[in-house]
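Okay, so here's the structure we're looking at.
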Protein chains: 4
Amino acid sequence: MANRNDFRERVDARYEQLSGAHRRIAEYILANANRAAFMTAARVGRAVGVSESTVVRFAAALGYPGYRHLQRALQEGVRAQLTAAERLELTEADEDAPEGVLERVLRTDMDNIRATLQDLQPEAFRRALDIIERATRVFVVGQRSAAAVSYYLSFYLSYLRPHVIPLDDASIMFERLVDLGGSDAVVAVSFPRYSRLTYDVLKLARDRGAARVAITDSVVSPMARIADVSLTAHTPMVSFADSLVAPLSVANALITALALRRRTETQRTLEILERIWEQNSIYLLDE
Amino acid sequence: MANRNDFRERVDARYEQLSGAHRRIAEYILANANRAAFMTAARVGRAVGVSESTVVRFAAALGYPGYRHLQRALQEGVRAQLTAAERLELTEADEDAPEGVLERVLRTDMDNIRATLQDLQPEAFRRALDIIERATRVFVVGQRSAAAVSYYLSFYLSYLRPHVIPLDDASIMFERLVDLGGSDAVVAVSFPRYSRLTYDVLKLARDRGAARVAITDSVVSPMARIADVSLTAHTPMVSFADSLVAPLSVANALITALALRRRTETQRTLEILERIWEQNSIYLLDE
Amino acid sequence: MANRNDFRERVDARYEQLSGAHRRIAEYILANANRAAFMTAARVGRAVGVSESTVVRFAAALGYPGYRHLQRALQEGVRAQLTAAERLELTEADEDAPEGVLERVLRTDMDNIRATLQDLQPEAFRRALDIIERATRVFVVGQRSAAAVSYYLSFYLSYLRPHVIPLDDASIMFERLVDLGGSDAVVAVSFPRYSRLTYDVLKLARDRGAARVAITDSVVSPMARIADVSLTAHTPMVSFADSLVAPLSVANALITALALRRRTETQRTLEILERIWEQNSIYLLDE
Amino acid sequence: MANRNDFRERVDARYEQLSGAHRRIAEYILANANRAAFMTAARVGRAVGVSESTVVRFAAALGYPGYRHLQRALQEGVRAQLTAAERLELTEADEDAPEGVLERVLRTDMDNIRATLQDLQPEAFRRALDIIERATRVFVVGQRSAAAVSYYLSFYLSYLRPHVIPLDDASIMFERLVDLGGSDAVVAVSFPRYSRLTYDVLKLARDRGAARVAITDSVVSPMARIADVSLTAHTPMVSFADSLVAPLSVANALITALALRRRTETQRTLEILERIWEQNSIYLLDE
């Protein structure tokens with residue numbers, strides 16, 4: 001994850017070299033951080049009284065590959081402090097045509113995966129895989145929107161190894177953990193604003209000495225701090241909610257890598273399931 | 001989605017221009033389609049007795065931007081006929097290092113989103129949005145792995161409009177649909193191998209005259225054929241399972257676009273939720 | 001469960017001894033079995049042209065302790081063939097005052113438990129307990145209304161022993177059973193009209209050699225025929241649906257008996273849960 | 001529900017008339033309330049040094065129809081203060097034979113229904129029915145073991161009227177309630193030790209002016225105090241957990257009474273469902 005003060009630090013480091021127009025842009029942004037983080041270059045230009053291309057060159061002068069990167073650095077800095085309602089309020093009104101939103105969201109999700117690939121430590125990925133492969137039992141937890149990722153992960157992990165236990169019913173999850181022990185593992189999916197319940201599950205796992213993998217936004221997130229291994233993924237989205245696309249892609253990678261490690265057993269499982277699916281008409285027949 | 005016979009058609013159209021080595025590669029691939037679809041350029045080269053770079057140039061000669069694109073065209077052609085077990089068997093054994101898998105999966109997911117952005121009709125997106133906004137009730141259905149996407153979509157849609165009903169319990173979904181009528185809408189998420197149950201729900205919706213949005217892989221999928229609007233997304237993954245990353249990104253786009261259309265109501269809802277979340281300690285407090 | 005032809009057999013055996021009025025009642029009932037099964041004594045009397053007390057004495061002449069017992073024998077005979085809509089149509093219109101319904105339903109449920117206590121074989125109960133105690137894993141399945149009982153049973157069983165796995169998501173239950181083996185057990189709750197899915201799970205368990213306990217309506221039900229042990233419970237209810245009160249009471253008995261058998265381990269589990277519940281504010285504090 | 005100090009009050013009122021042996025029994029019980037509540041007459045006799053029949057006569061001298069009634073009055077008094085682990089510890093060790101447990105549990109459940117029938121106010125039942133029938137939407141909530149009853153109730157209510165919404169996912173139930181208003185109703189099932197989450201839902205309903213029905217143990221329970229109408233049911237069970245059999249029977253009565261009130265619409269719904277069930281092979285075919 002980008003440093004939350006990345007923009008301020010760059011401005012500080014290069015302030016002396018900045019032109020007058022660039023300094024005015026910098027000052028405007030620092031004074032209106034929450035709002036500016038969600039403004040286009042054109043709009044920042046109008047607010048400051050310079051052209052759009054001046055704003056774009058300003059981003060380059062700070063070392064950002066493009067204005068979009070500057071904008072995302074700003075968003076990283078403010079998102080954690082905003083409520084969902086505030087974030088929606090800040091979203092640009094002049095980009096609302098459905099086609100524009102579609103393109104913007106899908107491009108942002110590609111960027112999120114790209115940034116995830118850059119930041120995620122291969123060593124962490126390997127260790128997470130080891131934990132998931134070797135544990136006696138693997139409990140998978142994610143609440144609210146993150147439940148989409150934890151459900152997907154536990155659905156496929158149950159093809160790949162025995163004793164995968166989804167903690168999918170919030171009202172009885174602690175009962176399922178009553179005999180959690182040192183040979184078990186918990187995989188927790190949680191992004192800002194972190195679910196208190198998921199945190200409590202991870203804390204219990206730590207107290208019991210169980211291995212802990214967090215799929216979260218940063219190695220300094222509350223989840224990461226009580227996990228053994230953190231798989232970090234980028235989730236920024238110019239919307240009232242974050243995007244769980246990159247975390248889902250990381251879940252895909254875990255599933256694929258474990259399937260290859262346990263290729264023989266998995267193939268046997270899949271063949272058994274194939275017969276079961278057929279007997280029970282789970283899928284549409286080919287036409 | 002790419003035409004399933006795309007590779008064969010290109011070979012047919014350009015066969016006369018192909019060199020002898022290229023013809024041998026083409027023939028090998030056509031004769032071993034299932035296996036070749038999952039082989040690297042180097043491996044195809046070894047099988048045919050030519051160099052890896054000859055195979056890469058062969059892809060270019062057929063008009064593919066790279067070997068990866070040729071490979072994906074082949075995979076499109078065979079995937080539908082393969083069982084999960086067969087697909088796993090065909091996955092390259094020599095790419096199993098976790099780091100390699102991580103990179104390969106995340107890059108494939110980026111490609112999937114990119115291809116989705118190219119193929120998804122903006123007009124279809126706009127019509128899907130209209131249906132979801134205007135229906136009296138919106139039922140959301142997805143089974144098995146697709147349930148991750150349908151859960152995520154219904155979770156956020158319920159912030160954006162009243163009467164969003166997740167069909168999340170397969171054993172009682174038809175009871176929930178008993179009074180489904182012409183002013184309601186059903187959003188169905190289904191990818192190959194299509195769930196029979198999701199198909200049956202969509203068929204019931206058609207019989208009742210309800211509006212139908214399919215999030216699926218192709219405008220000619222069984223789901224698309226009985227839907228009013230299809231949002232197509234790419235899901236190929238070199239693994240035993242497909243990836244639902246691009247469909248999740250499309251769900252993100254629907255959510256974001258609807259939030260912007262219904263900005264005022266959504267903001268009010270989010271403010272109410274904010275107070276409820278706080279009163280019930282749903283999130284971790286900021287540290 | 002009462003023999004489905006119990007009424008006819010009694011009439012056949014005693015026909016010669018019946019008075020003319022009693023014969024007319026018998027003939028009316030045999031000719032209108034579906035309807036008569038849900039008529040009061042007074043109403044049968046009006047239909048035949050005799051007094052209510054003559055109908056009550058007729059029941060006694062056939063050896064029933066009361067008219068209610070005759071009526072229930074008739075209901076046993078017809079219920080299996082009626083749809084829910086037909087059953088509702090047959091329900092007495094003149095007993096619709098809420099107070100009357102409340103009393104009638106609660107009394108019928110007491111009768112159901114009493115009849116269950118008479119018919120359930122203690123030996124079967126003991127064997128079911130042995131199976132649930134000794135299995136490596138216990139899978140619990142019940143669909144639709146029976147899911148209330150299977151949920152309750154698996155909720156408490158998970159306090160009493162490890163590896164209790166609720167098959168609570170119909171769309172992925174076969175995946176959870178992929179490695180089901182001879183040391184596992186399946187407990188299935190199913191009453192008429194039996195769920196096809198529950199039956200398929202029990203059949204799979206039989207094919208795998210897993211131990212099978214059915215909580216069902218009769219030792220000759222389709223579920224009982226493929227189970228090792230059947231715990232039978234009475235569910236008749238003068239309504240469009242059967243009552244699952246007696247099966248829930250049987251589930252209570254299983255839970256209580258297992259808690260006493262495993263008293264020491266259970267007490268330890270409960271003490272651990274007590275601390276977890278407190279830490280996580282699961283319960284309201286005493287005022 | 002019996003007065004929690006019922007035993008003490010009876011002893012106070014009749015102390016002068018009690019024999020010396022009866023006074024010793026009374027004093028022993030008052031001094032060992034928690035333990036004595038779960039002791040048989042024989043065991044109390046041994047502890048005090050009198051015969052079992054003296055203890056039974058003591059119960060009669062206090063006006064209890066039998067020793068069992070005295071014992072239940074004691075249990076009412078202590079249960080609320082005991083943890084599950086303490087209750088299990090107090091359960092008689094000498095009654096552990098499975099057959100004995102089976103009989104004891106089923107008889108206790110019959111007693112629970114009988115006591116429920118005596119105590120539940122018909123007027124409350126009628127008002128609950130009115131609320132459920134007339135509300136724009138009916139939300140049904142129950143957590144943990146009570147979820148068995150709330151699931152069952154919402155399953156059948158959805159046959160009987162539109163817009164029945166089960167709050168079955170604890171992690172997102174407040175989102176479903178975001179637009180809860182004065183024309184809606186909430187039905188909450190909660191027994192000691194009351195779920196905090198269910199209480200919070202009921203409190204939100206009160207703040208929004210929604211109609212509130214509690215299915216709970218007493219008209220003075222925390223749930224009852226913030227409900228418009230309370231349907232009380234008896235749940236005592238000599239086990240580590242309470243029994244939800246009587247509450248389930250009350251749910252049955254609500255369902256049956258509503259089906260009769262809405263007979264025509266319900267019949268139409270059931271006919272539609274019948275066709276759907278058949279088309280989708282929900283039930284086993286008759287053999």
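Predicted model, so just to flag it, every value in this text is computed and none were measured. Naming: A, B, ... by sequence-line order, numbering from 1 per chain.
Contact of C/Asn280 with chain D is made through the backbone alone, with heavy-atom distances under 4.5 Å. There is no contact between C/Leu231 and chain D, counting heavy-atom distances below 4.5 Å. With a threshold of 4.5 angstrom between heavy atoms, C/Glu274 approaches chain D through side-chain atoms but not through N, CA, C or O. Interface remark: C/Tyr283 contributes backbone and side-chain atoms alike to the contact with chain D (heavy atom separation under 4.5 Å). For chain D, the nearby parts of C/Leu248 are the backbone and the side chain; heavy atoms of each come within less than 4.5 Å. Residue D/Ala147 touches chain C through both its backbone and its side chain, counting heavy-atom pairs closer than 4.5 Å. The contact between D/Leu160 and chain C is made entirely by side chain atoms (from C-beta outward), counting heavy-atom distances below 4.5 Å. With a 4.5 angstrom heavy-atom cutoff, C/Ala251 does not touch chain D via any of its atoms. For C/Thr264, no part lies near chain D; criterion is any non-hydrogen pair under 4.5 Å.
The aromatic rings of D/Tyr156 and C/Phe240 stand perpendicular to each other, their planes meeting at an angle above 60°, with 30° marking the opposite boundary.
Taking every heavy atom of both residues into account, C/Ser249 and D/Val105 meet most closely at O-CG1, 3.8 Å. Contact between D/Ser281 and C/Arg196 at its shortest, heavy atoms only, is O-NE, 2.5 Å. Heavy-atom minimum distance, D/Leu284 versus C/Pro222: CD1-CB, 3.8 Å. When all heavy atoms are compared, the tightest approach of D/Ala253 to C/Leu102 is CB-CD1, 3.8 Å.
Interface check for chain C: of the options D/Leu244, D/Ile255, D/Thr198, D/Val250, the most heavy-atom pairs under 4.5 Å are formed by D/Leu244. In terms of non-hydrogen atom pairs under 4.5 Å with chain D, the most contact-rich of C/Arg114, C/Glu271, C/Arg268 is C/Arg114.
A distance of 7.5 Å separates CG of D/Leu106 from CG of C/Leu120, quoted to the nearest 0.5 Å. Atom CE of D/Met110 is separated from atom CG of C/Asp111 by 9.0 Å, given to the nearest 0.5 angstrom. Between C/Asp242 atom CG and D/Asn252 atom CG the span is 9.5 Å, to the nearest 0.5 Å. In this structure, C/Asp109 CG and D/Asn112 CG are separated by 12.5 Å, a value rounded to the nearest 0.5 Å.
For CZ of C/Arg68, the number of neighbouring non-hydrogen atoms (other residues, nucleotides, ligands) closer than 6.0 Å is 12 at most. Atom CD of D/Gln121 is surrounded by 12 or fewer heavy atoms from other residues, nucleotides or ligands within 6.0 Å.
A 4.5 Å side-chain heavy-atom check between C/Ile113 and D/Ile113 finds at least one atom pair inside the cut-off. Contact check for C/Pro122 versus D/Glu103: no side-chain heavy atoms found under the 4.5 Å cut-off.
Using a distance-only test at 3.5 Å, with no hydrogens or angles considered, a donor-acceptor pair links the side chain of D/Tyr151 to the main chain of C/Arg144.
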